Student: 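Before I ask anything, let me first share the structure, which is written out below as structure tokens.
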Amino acid sequence: MIILGIDTSNDTLGVSLWRDQAVVGEFITNLKKNHSIRLLPAIADLMKPCDITPQDLAKIAVAEGPGSYTGLRIGVTVAKTMAWDLKIPLVGVSSLELMAQNGRFFDGLVVPIMDARRGNVYAGVYKAQGETMVAKKADGHHAFADLLQTLAPLNERILFIGDAVTAFATEAAEALGDRAIFAKEALRYPRPAFLGELASEAQGVDAHSFVPKYLKLAEAESKWLEANRDV
């Protein structure tokens, strides 16, 4: 079985190919550049040297959110279009669960965080069971201060992973002391190869029924709903 993985949920653009429980190829960049221009060429450039064509694919796995609204829409649109055209299943993987895989050998809780602006984060709480990451708290949109209050009573070390680590490290260290551990730079960003691994055991869904999981309305949508509450 060959699975194409796609992640454009944040600045990291990742594409991977997974075949028979092995990574065939992986492409990753961490640049503030337009994913809409770069994603399809990245897929083509990865497939060619791997001698894989779209017709060889059995599934497509995509980071389903949370993350950048624009980034998610780009990745999901390409994944849905390809899955529909090829008539193959589409598997959505939480962008936070994908990030948490980098901490699968950490002895404690793994908390992937993405900056959601104004002191807020998208975050989940995971813990390794063998080589499987199990969600201990559902992915959500939180004020970081509230998240720390939830984590503070837990008697475990906590590994923070993600692009928001630098921005929130001081606050986390003040609240949690030496129980707060921060992933090194190279481990803060999601690896698309894990998409294939996570999707290999998943059934997937029809492309038409798939929707990304934003976890929060876009600011423009929130303002519109507020302005039209009584309409």
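By convention here, the first residue in the shown sequence is residue 1. Since the structure is predicted, the reported quantities are computational estimates derived from the model, not experimental observations.
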Student: Is any side-chain heavy atom of L4 closer than 4.5 Å to a side-chain heavy atom of M82?
Tutor: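 Counting from C-beta outward, L4 and M82 do come under 4.5 Å.
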
Student: Please report the shortest heavy-atom distance between D51 and D56, naming the atom on each side.
Tutor: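 Minimum heavy-atom separation between D51 and D56: O-OD2, 4.2 Å.
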
Student: Quick check: closest heavy atoms across S200 and I3, and the distance to 0.1 Å?
Tutor: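 Minimum heavy-atom contact is CA-CD1, 3.6 Å.
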
Student: Taking the side chain from K59 and the backbone from A202, do they hold a donor-acceptor pair closer than 3.5 Å?
Tutor: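 Present.
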
Student: Using a 3.5 Å distance criterion without hydrogens, assess whether the side chain of K80 forms a donor-acceptor pair with backbone atoms of F210.
Tutor: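 Side chain of K80 to backbone of F210: a pair is present.
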
Student: Identify the two heavy atoms, one from I113 and one from A123, that lie closest to each other, and give their separation to 0.1 Å.
Tutor: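 Scanning both residues completely, I find the closest heavy atoms to be CG2-CB, 3.8 Å.
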
Student: Using a 6.0 Å cut-off, check whether atom CD of E185 has over 12 heavy atoms from anything other than its own residue.
Tutor: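 Counting neighbours around CD of E185, more than 12 heavy atoms of other residues, nucleotides or ligands fall under 6.0 Å, so yes.
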
Student: Less than 4.5 Å apart, any side-chain heavy atom of D139 and any of Y126?
Tutor: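 Answer yes - side chains close enough.
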
Student: Hey, does the side chain of D7 reach the backbone of S9 with a donor-acceptor pair shorter than 3.5 angstrom?
Tutor: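 Such a contact is found between D7 side chain and S9 backbone.
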
Student: Determine, stepwise, if the pair I60 / I88 fulfils side-chain contact (heavy atoms from CB on, under 4.5 Å).
Tutor: CA-CA 7 Å; I60 295 178; I88 59 176; 3.8 Å; yes

Student: Do V121 and V125 sit in the same hydrophobic cluster, where Ile, Leu, Val, Met, Phe, Trp and Tyr count as joined when their side-chain heavy atoms come under 4.5 Å apart?
Tutor: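 In one cluster: yes.
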
Student: In the structure I gave you, are the side-chain heavy atoms of Y214 and P212 within less than 4.5 Å of one another anywhere?
Tutor: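 Counting from C-beta outward, Y214 and P212 do come under 4.5 Å.
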
Student: Would E197 and R191 satisfy salt bridge (Lys or Arg N to Asp or Glu O under 4.0 Å), going step by step from the backbone distance to the final call?
Tutor: CA-CA 11 Å; E197 178 182 328; R191 287 212 32 211; over 6 Å; no

Student: Does the separation of the ring centres of F160 and F168 fall below 6.0 angstrom?
Tutor: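 No, the ring centres sit 6.0 Å or more apart.
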
Student: Less than 4.5 Å apart, any side-chain heavy atom of V62 and any of L90?
Tutor: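 The answer is yes; the side chains approach within 4.5 Å.
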
Student: For residues L96 and Y122, report the shortest heavy-atom separation together with the two atoms involved.
Tutor: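 That closest heavy-atom pairing would be CD2-O, 3.8 Å.
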
Student: If you draw a 6.0 Å radius around CZ in R38, do more than 12 non-hydrogen atoms from other residues or ligands fall strictly inside?
Tutor: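 Yes.
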
Student: Can you name the one residue among R157, E156, R179 that meets side-chain contact (heavy atoms from CB on, under 4.5 Å) with L109?
Tutor: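 Exactly one option meets the side-chain contact (heavy atoms from CB on, under 4.5 Å) with L109, and it is E156.
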
Student: Of the non-hydrogen atoms in N120 and D115, which two are nearest, and what is the gap between them?
Tutor: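 Closest pair (atom of N120, atom of D115, distance): O-OD1, 3.6 Å.
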
Student: Does the side chain of F105 reach to within under 4.5 Å of the side chain of E131, using non-hydrogen atoms?
Tutor: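 SC-SC contact between F105 and E131 confirmed.
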
Student: V111 versus L147: any side-chain heavy-atom pair under 4.5 Å?
Tutor: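 Sidechains of L147 and V111: in contact.
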
Student: Quick check: closest heavy atoms across F182 and A169, and the distance to 0.1 Å?
Tutor: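 That would be CZ-O, 3.4 Å.
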
